[in-house]
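Below is one structure; the comments refer to it alone.
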Amino acid sequence: MAKPLLVGVLNLTPDSFSDGGRFASPADAVAEARAMVAAGADWIDVGGESTRPGAASVSTDEEQARVLPVLEALAGVPARLSIDTYKALTARAALKAGATIVNDVSGGLLDPEILRVAAAANATVVLGHLRGHPATMMDDVVFGDVVTEVGDDLAVRIAAARAAGCRDVWADPGIGFGKRLEHNLGLLRRLPELCARLVVPVMVGVSRKRFIGELTGKPPGERGYGTAAAVTAAILGGAAAVRVHDVASMLDVASVAAAIAGDRA
């Protein structure tokens with residue numbers, strides 16, 4: 001396998017589950033992004049709306065006010081920039097501001113126009129797996145075989161993205177998005193099966209998530225070791241990219257996991 005990419009999380013929100021409110025100004029956010037790139041991030045994922053369970057949605061204007069100044073200020077940084085949004089209007093503005101990747105947790109379900117926006121800009125699109133809306137995604141979680149069902153759902157979204165004209169398509173199984181502990185563990189356990197089926201590159205986001213807290217009893221800021229274990233499992237399972245908060249420490253984790261998986265570059 002190729003060495004997995006490190007995606008640094010940059011949440012410009014007051015209410016994200018782990019780091020909400022940390023970056024009160026664009027200058028703080030830009031400094032953090034540059035620090036993550038210096039630490040080894042291959043791309044920075046910029047988000048202006050929390051998608052944690054129960055989070056309230058924000059207007060497109062508010063979302064853009066948070067993300068656009070940061071994206072514009074990061075022009076020229078030696079890493080790719082992605083916009084974490086499910087709104088087509090925000091994606092279009094972010095792509096004009098310097099992003100080259102659209103990371104949609106809903107895979108284009110919440111706003112199908114986002115796929116055409118990505119295609120028109122020749123942008124990479126990451127299709128997340130989500131049933132329903134982030135605010136209510138944990139209200140009625142039902143799966144028979146989670147790996148088969150997530151694979152089925154993502155295959156449909158990949159086909160939709162291709163039909164819209166997207167050429168560089170990735171998938172994300174949506175760890176923690178409308179899934180309970182047993183579903184998250186099942187997806188990680190059988191990730192090789194899912195990756196083989198989807199064919200497209202797979203990004204996995206496990207950093208500091210609730211299922212790690214359920215297993216360790218630790219709050220988000222103390223889930224580093226649990227995150228390291230989950231990141232290792234994701235890379236051994238075939239993830240082409242891992243989305244993380246702690247880039248410096250996860251670079252070591254990713255390097256060792258990739259070597260175990262067979263990448264000695």
Side-chain angles (χ1 to χ4, degrees), residues 1-7 9 40 42-43 45 82 101 103-107 124-131 141-162 166 168-212 214-216 223-247 249-265:
M1 62 175 286
K3 188 173 180 180
L5 302 179
L6 282 181
V7 182
V9 178
D42 297 289
W43 92 49
D45 191 37
S82 60
I101 304 168
N103 177 22
D104 178 0
V105 297
S106 81
T124 299
V125 61
V126 182
L127 306 169
H129 181 272
L130 171 66
R131 290 175 173 175
V141 180
V142 178
F143 287 100
D145 182 325
V146 67
V147 176
T148 297
E149 292 178 40
V150 168
D152 288 346
D153 291 346
L154 284 174
V156 172
R157 302 318 307 153
I158 291 168
R162 298 288 193 206
C166 298
D168 188 14
V169 179
W170 288 55
D172 180 338
I175 300 290
F177 284 85
K179 299 166 187 76
R180 305 204 184 279
L181 175 61
E182 64 270 22
H183 305 133
N184 297 318
L185 294 177
L187 286 165
L188 286 172
R189 192 176 295 124
R190 293 169 56 193
L191 191 60
E193 176 185 335
L194 186 63
C195 290
R197 175 180 176 185
L198 294 176
V199 180
V200 302
V202 171
M203 182 176 79
V204 175
V206 292
S207 187
R208 303 181 183 175
K209 287 196 171 175
R210 177 183 295 184
F211 82 98
I212 295 173
E214 291 175 322
L215 293 169
T216 64
R223 295 174 187 168
Y225 291 119
T227 294
V231 164
T232 298
I235 292 170
L236 293 179
V242 286
R243 185 176 181 273
V244 299
H245 295 83
D246 305 300
V247 172
S249 57
M250 292 306 136
L251 176 62
D252 289 348
V253 171
S255 297
V256 173
I260 294 169
D263 181 3
R264 304 261 192 313

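Just so you know, these numbers use all the heavy atoms, side chains as well, and skip hydrogens, waters and symmetry mates.
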Answer yes or no: is there a side-chain heavy-atom contact under 4.5 Å between [X] and [Y]?
X	Y	value
Val200	Arg162	yes
Leu187	Val147	yes
Thr148	Arg190	yes
Val202	Leu194	no
Met203	Asn103	yes
Ile158	Val199	no
Val244	Val231	yes

If I compare all heavy atoms of [X] with all of [Y], which pair ends up nearest, and what's the gap?
X	Y	result
Asp45	Trp43	N-CD1, 4.0 Å
Pro4	Asp42	O-OD2, 4.3 Å
Gly178	Val141	O-CG1, 3.2 Å
Gly40	Leu251	CA-CD2, 4.4 Å
Leu191	Ala234	CD2-O, 3.4 Å
Val242	Ala239	CG1-CB, 4.4 Å

Is it true that a side-chain atom of [X] and a backbone atom of [Y] form a donor plus acceptor pair closer than 3.5 Å?
X	Y	answer
Arg131	Val142	yes
Lys179	Pro173	yes
Thr232	Ala257	no
Lys3	Ala258	no
Asn184	Gly176	yes
Lys209	Ser207	no
Arg157	Gly107	yes

Return the [atom1] to [atom2] distance between [X] and [Y], rounded to the nearest 0.5 Å.
X	Y	atom1	atom2	result
Thr124	Asp168	OG1	CG	3.5 Å
Phe177	Asp172	CZ	CG	7.5 Å
Ile260	Leu236	CD1	CG	6.0 Å
Arg243	Ile175	CZ	CD1	13.0 Å
Leu154	Glu149	CG	CD	12.0 Å
Leu6	Met250	CG	CE	9.5 Å

Just grab all the side-chain hydrogen bond (donor to acceptor under 3.5 Å, both in side chains) pairs involving residues 196-206, residues at least two apart or on different chains.
->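 For residues 196-206: Asp152-Arg197.
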